[in-house]
Protein chains: 2
Amino acid sequence: MQLEKRQLSQSEENYIKAIYALSETCEDTISTNLLAERMSTKASSVTDMLKKLTDKELLTYQKYQGCGLTPKGRAIALSIVRKHRLWEVFLVDKLQFGWDEVHEIAEQLEHIQSTQLTNRLEAFLGYPKVDPHGDPIPNDEGVFDTPAVRVSLASCETGSKGIVMGVDDGSPEFLQYLNKIDLKLGSEIEILEKLSFDGSLLIAMEKRTIQFSHVVAARIFIQPYQS
Amino acid sequence: MQLEKRQLSQSEENYIKAIYALSETCEDTISTNLLAERMSTKASSVTDMLKKLTDKELLTYQKYQGCGLTPKGRAIALSIVRKHRLWEVFLVDKLQFGWDEVHEIAEQLEHIQSTQLTNRLEAFLGYPKVDPHGDPIPNDEGVFDTPAVRVSLASCETGSKGIVMGVDDGSPEFLQYLNKIDLKLGSEIEILEKLSFDGSLLIAMEKRTIQFSHVVAARIFIQPYQS
DNA sequence: CTAAAATTTTAGACGTGTCTAAAAAATAGT
DNA sequence: ACTATTTTTTAGACACGTCTAAAATTTTAG
């Protein structure tokens with residue numbers, strides 16, 4: 001998939017990225033309202049942008065029927081995601097930012113236009129496969145390395161053990177909470193008990209015991225040991 | 001001088017930067033047409049922007065009288081210059097770009113908004129004092145280190161010796177020419193002869209002899225040996 | 001000193017991306 | 001099946017940064 005030279009505005013790129021993110025997590029056709037909420041804007045603005053991006057052949061969109069990315073649109077989304085995650089690695093590994101501080105800056109850096117820059121940055125960082133939150137980094141062709149098994153802590157059974165492979169990167173507050181309890185990528189975890197009345201979990205982590213609400217557990221992903 | 005949090009658009013920043021650059025090299029009041037040429041835009045567009053930036057108290061401007069930066073405007077210009085040059089050092093020192101390749105990318109990176117990022121980048125790079133073309137990098141307060149003596153090769157007399165401290169960074173072609181003749185910052189240079197009829201110079205550099213036109217000589221800056 | 005030339009500003013327009021308010025279509029409830 | 005409600009789109013507006021064409025001002029030159 002060849003990316004066209006015709007470049008997009010930051011706004012257009014942000015829409016493409018949001019549509020990509022939503023189609024990964026939710027169903028495959030994205031509603032106007034969902035996108036409006038995600039972009040913190042109004043549905044009417046979304047409709048306008050949807051038309052424009054459809055004209056550019058980056059979206060499949062029919063009135064009242066929601067939208068989805070074309071292969072070309074998906075390729076652009078992946079290149080933005082790639083840049084975002086590589087810059088996050090740079091900020092954390094090289095500039096000593098915390099994983100809770102990098103999102104906002106990476107939101108700006110992801111729009112820098114230079115494939116050569118992206119590829120050299122990747123080499124400089126030693127071809128990282130995941131960003132500081134454990135999210136995978138696609139290669140220059142938009143392909144992810146064989147992703148490690150990653151399941152939500154909330155979906156694991158009592159007695160499961162595993163290694164933390166990823167965390168939700170959506171909120172600095174959540175990441176700061178994880179800092180406070182010293183949970184990192186690579187931490188070893190065991191589910192001691194699941195409390196059925198509120199869905200919370202008792203967790204053993206490096207000789208300490210912690211209680212996670214269901215909401216927290218759903219935002220932490222582990223690679224379970226086969227046992 | 002405290003930079004206000006109120007952030008400028010990239011367009012506004014580019015105007016500020018261009019006005020700063022022009023007021024460094026030329027007279028202290030910048031004409032509308034000069035700025036229009038520099039920005040590759042029309043005089044009418046410049047007038048509009050001048051009004052806007054004057055309203056924001058970044059410019060002194062009176063109809064038909066040209067413009068100049070206020071202290072606040074100058075502080076913003078210096079912060080942009082600082083970011084531009086630090087990113088150029090990053091691209092050359094860390095990502096192995098050539099000094100002829102970095103300008104365009106730095107033009108984008110200079111608009112990234114994060115003082116913390118800039119300062120950490122500076123530390124990561126080892127507090128460089130000049131960019132890859134020898135241009136000085138101001139500190140976080142907009143102050144330049146005591147700049148080394150830098151005179152244009154064209155203004156030196158026959159017999160002068162010195163070390164190349166800077167080159168004009170305006171055109172990739174010029175920088176590629178310098179690559180070809182293997183002229184770098186730090187190269188030792190002696191003026192063997194100045195040819196009066198066309199202003200060109202015969203130069204000795206590391207055991208080789210090279211002829212520079214006046215135009216080229218005017219774009220190379222040396223620190224002369226006191227002798 | 002005044003007329004011609006150059007520069008600069010104003011007026012009105014356009015494309016982008018956003019908004020509000022109103023209309024149209026789809027969905028849900030009875 | 002037919003309203004009522006929700007979702008989505010359209011219509012019209014605005015701020016931004018740009019443009020062209022015309023008017024105003026300054027500069028130059030005779």
Side-chain angles (χ1 to χ4, degrees), chain A residues 4 6-19 22-23 26-69 73 76-77 80 107-108 110-111 113, chain B residues 4 6-19 22-23 26-69 73 76-77 80 107-108 110-111 113:
Chain A
E4 311 245 328
R6 142 174 61 97
Q7 68 191 8
L8 303 175
S9 72
Q10 292 202 183
S11 224
E12 289 172 323
E13 288 197 350
N14 286 334
Y15 273 93
I16 294 282
K17 188 175 57 135
I19 293 166
L22 289 172
S23 46
C26 311
E27 57 279 35
D28 45 13
T29 168
I30 309 300
S31 79
T32 302
N33 262 3
L34 186 61
L35 193 47
E37 191 179 354
R38 175 78 169 221
M39 302 289 296
S40 303
T41 185
K42 295 301 155 69
S44 55
S45 308
V46 172
T47 301
D48 289 347
M49 184 58 89
L50 258 32
K51 283 183 196 162
K52 195 197 314 185
L53 293 175
T54 304
D55 287 346
K56 298 191 179 184
E57 300 184 334
L58 305 176
L59 254 48
T60 57
Y61 161 67
Q62 303 206 69
K63 277 191 194 179
Y64 299 101
Q65 302 307 127
C67 70
L69 292 171
I76 289 170
I80 300 168
E107 290 275 300
Q108 298 180 64
E110 74 191 2
H111 298 294
Q113 307 265 357
Chain B
E4 312 244 327
R6 142 174 62 98
Q7 70 192 6
L8 303 175
S9 72
Q10 292 202 184
S11 226
E12 289 171 323
E13 288 197 349
N14 286 334
Y15 274 93
I16 295 281
K17 186 173 59 134
I19 293 165
L22 290 172
S23 46
C26 310
E27 56 278 39
D28 45 15
T29 167
I30 308 302
S31 80
T32 302
N33 263 3
L34 185 62
L35 193 48
E37 192 179 354
R38 174 79 171 217
M39 302 289 297
S40 305
T41 186
K42 295 300 154 70
S44 55
S45 308
V46 171
T47 302
D48 289 348
M49 185 58 90
L50 258 33
K51 283 184 198 161
K52 197 195 314 182
L53 292 176
T54 304
D55 286 347
K56 297 190 179 185
E57 299 183 336
L58 305 176
L59 254 47
T60 56
Y61 161 66
Q62 303 206 72
K63 277 192 194 180
Y64 299 100
Q65 302 307 127
C67 70
L69 292 170
I76 289 171
I80 299 168
E107 290 276 299
Q108 298 179 62
E110 73 190 3
H111 298 294
Q113 309 264 2

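Here is how names work: the chains are called A, B, and so on, in the same order as the sequence lines, proteins then strands, and each is numbered from 1. All values derive from a computational prediction rather than experimental measurement. For the numbers below, each heavy atom of this structure counts, side chains included, while hydrogens, waters and symmetry mates do not.
- Counting any heavy atom pair closer than 4.0 Å across all strands shown, Ser11(A) reaches sugar-phosphate atoms only and no base atom.
- OP1 or OP2 of dT8(C) sits under 4.0 Å from a side-chain N or O of Asn33(B).
- Rounded to the nearest 0.5 angstrom, Gln10(B) CD and His111(B) NE2 are separated by 4.5 Å.
- The nearest whole Å value for the distance from the CG atom in Asp55(A) to the P atom in dG15(C) is 14 Å.
- A heavy-atom distance below 4.5 Å is not found between the side chains of Asn14(A) and Ile80(A).
- Lys51(B) has its NZ atom 10 Å from the C1' atom of dA11(C), to the nearest Å.
- If you check dT18(D), dT10(D), dT9(C) against the side chain of Thr41(B), the one that comes closest is dT18(D).
- Between the side chain of Thr29(A) and the main chain of Gln65(A), a donor-acceptor pair closer than 3.5 Å is present.
- Here dC19(C) is the nucleotide among dT10(C), dC19(C), dT18(D) with the atom lying nearest to any side-chain atom of Asp48(A).
- Heavy-atom distances to DNA chain C give each of Tyr61(B) and Ser45(A) a nearest nucleotide, and the one nearer the 5′ end belongs to Tyr61(B).
- Checking the phosphate oxygens (OP1, OP2) of dC16(D), no side-chain nitrogen or oxygen of Tyr15(B) falls inside 4.0 Å.
- Rounded to an integer number of Å, the gap from Lys42(B) NZ to dT7(C) P is 15 Å.
- Side-chain atoms of Glu110(B) and Lys17(B), non-hydrogen and from C-beta on, do get closer than 4.5 Å to each other.
- Evaluation of atom-type donor-acceptor distances gives no pair under 3.5 Å for the side chain of Thr47(B) against the base of dT10(C).
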Sub-3.5 Å pairs of nitrogen or oxygen atoms, protein against nucleotides 24-28 of chain C:
unit_1	atom_1	unit_2	atom_2	d
dA25(C)	O4'	Tyr64(A)	OH	3.4

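- Not a single donor-acceptor contact under 3.5 angstrom links the side-chain atoms of Thr32(B) to the base of dT9(C).
- Counting to the nearest Å, the P atom of dT18(D) and the CG atom of Asn14(B) are 9 Å from each other.
- Counting to the nearest Å, the C1' atom of dT8(C) and the CG atom of Leu59(B) are 16 Å from each other.
- Looking only at side-chain heavy atoms (C-beta outward), Cys67(A) and Ile30(A) come within less than 4.5 Å of each other.
- Separating the CG atom in Asp28(B) from the OG1 atom in Thr60(B) is a distance of 9.5 Å, to the nearest 0.5 Å.
- The interatomic distance linking Leu50(A) (CG) with dT9(D) (P) rounds to 7 Å, in whole Å.
- The interatomic distance linking Glu37(B) (CD) with dA6(C) (C1') rounds to 14 Å, in whole Å.
- Taking 4.5 Å as the limit, some side-chain heavy atom of Leu59(A) sits within range of a side-chain heavy atom of Leu69(A).
- Per the geometry, CD belonging to Glu12(A) stands 15 Å off P belonging to dG15(C), to the nearest Å.
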